[in-house]
Amino acid sequence: MPALRSNPPVYILALRVTVAFAAALTIAEGYDLEFSFVAGLVAATLALGPAFSPLAVIILPAVAWALVTAAVLLVEAFATSLPPVFLLATIGSLWTGFKLSARSDKTNVIGLMILVVCCVVPLRLLAYPELTGTVVDDLVWNVLVGAGAAFAVGLVFSGPAKPVTLAPRSEVLPPLVAALVLTLGTYLVWVFEPPAPGAVLIGMIIALRADLHPGFDVARDRIIGAIIGGGLAVVAATVMGLAPVLPTLFLILMVVAWPLAVRAVQPGPWQGAAIKSIYALGILVGEGFSPLFEDTAERLGIRIVGVFIGLLFATTAIVLFKPRKSTETYRAPIK
């Protein structure tokens, strides 16, 4: 690990990502929020990005509330009465999400929220219309927890380190193609009703979003991320079975996420895989188990399979539609 010894701030950067990610997931699970994986994804994404204003802790939940409210109105007004309008609005929203994900680190988290809201919320409301208020509240609270954790951890671990400098994101597929692929995937999930629809959809989203790596390395990163994230989620669930309390959840997430965070904050050929592993771990923990669940093993197994199904569906689309141009493995960060 000579690179780390010669650059001590890397440890601080990795600690920021690890603590923000673990704290956000633990708090969300402690309050028994639905979609708690959103808190972890938002915290990790913000911790990996540039420093942000405290206003973001207010603005991002407000944006989340606006997005979820718009999704609710769209479902109630058009989903059953005018499906073509609902379809066009969904495709347009997903296109916007993919464009924002690729534009810059500042809009990346907003793009992520748009994609999650446009896929997860309509399916949940169509299946359980009585949960409208719960869906809105829980998603907003998850974003608040994720943004608040990232900001607080950034203040505590300020040190000499600077925020992670990431290479320019490369669109995995043209945004319109990615939006159409994700729309088709969402429709198939609605038709076939898999046991863990949320895990399948989020697997598709993290596979199709803009990536640090061009070319076919994106497929490699996602499969590796699912394998590593799934394995670490099993480890975390096993430890939680021995001591099913929230402090245990926080500590085991710190332990398993740390080596991933160290790699994620350093540009290189495995940076993308490390970031995807953190995301997969957060999804599987948030979707798979809680200290209060007694059927952790069954839930986690189902959701690991769900994430793999979503990743394989999206990866197949990448292989079919990605232009075969670049042979780069990674791009150097912007100076």
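Nothing here was measured: the structure is a model prediction, and the numbers come from that model. Sequential numbering from 1 along the given sequence is applied to the chain's residues. As a basis for the values below, the full set of heavy atoms in this structure was taken, side chains included, without hydrogen atoms, waters or symmetry mates.
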Any donor and acceptor pair, going by atom type alone, linking the side chain of S81 with main-chain N or O of A77 inside 3.5 Å?
yes

Ignoring hydrogens and geometry beyond distance, is a side-chain donor-acceptor pair present between T45 and Y279 at under 3.5 Å?
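A pair is found: one side chain offers a donor N or O, the other an acceptor, under 3.5 Å apart.
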
Is the closest side-chain heavy-atom distance between [X] and [Y] below 4.5 Å?
| X | Y | value |
| --- | --- | --- |
| F98 | L182 | yes |
| I283 | I206 | yes |
| I205 | C119 | yes |
| L188 | F313 | yes |
| I202 | V120 | yes |

Return all side-chain donor-acceptor pairs below 3.5 angstrom for residues 232-253, not counting sequence neighbours, or 'none' if the list is empty.
{"residue": "T238", "atom": "OG1", "partner": "V234", "partner atom": "O", "Å": "2.8"}
{"residue": "T248", "atom": "OG1", "partner": "A243", "partner atom": "O", "Å": "3.0"}

Residue list, side chain to side chain contact (heavy atoms under 4.5 Å, CB included) with T183, at least two apart or on another chain:
L87, T90, I91, L94

What residues, two or more places apart in sequence or in another chain, satisfy side chain to side chain contact (heavy atoms under 4.5 Å, CB included) together with A71?
V117, V121

List the steps and the verdict of side chain to side chain contact (heavy atoms under 4.5 Å, CB included) for Y187 and F192.
CA-CA 9 Å; Y187 174 74; F192 290 102; over 6 Å; no

First locate atom CZ of R209, then atom NZ of K276, and finally report the distance between them rounded to the nearest 0.5 Å.
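Here the interatomic distance stands at 7.0 Å.
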
Stepwise, does the side chain to side chain contact (heavy atoms under 4.5 Å, CB included) test hold for N142 with F37?
CA-CA 8 Å; N142 275 301; F37 64 88; over 6 Å; no

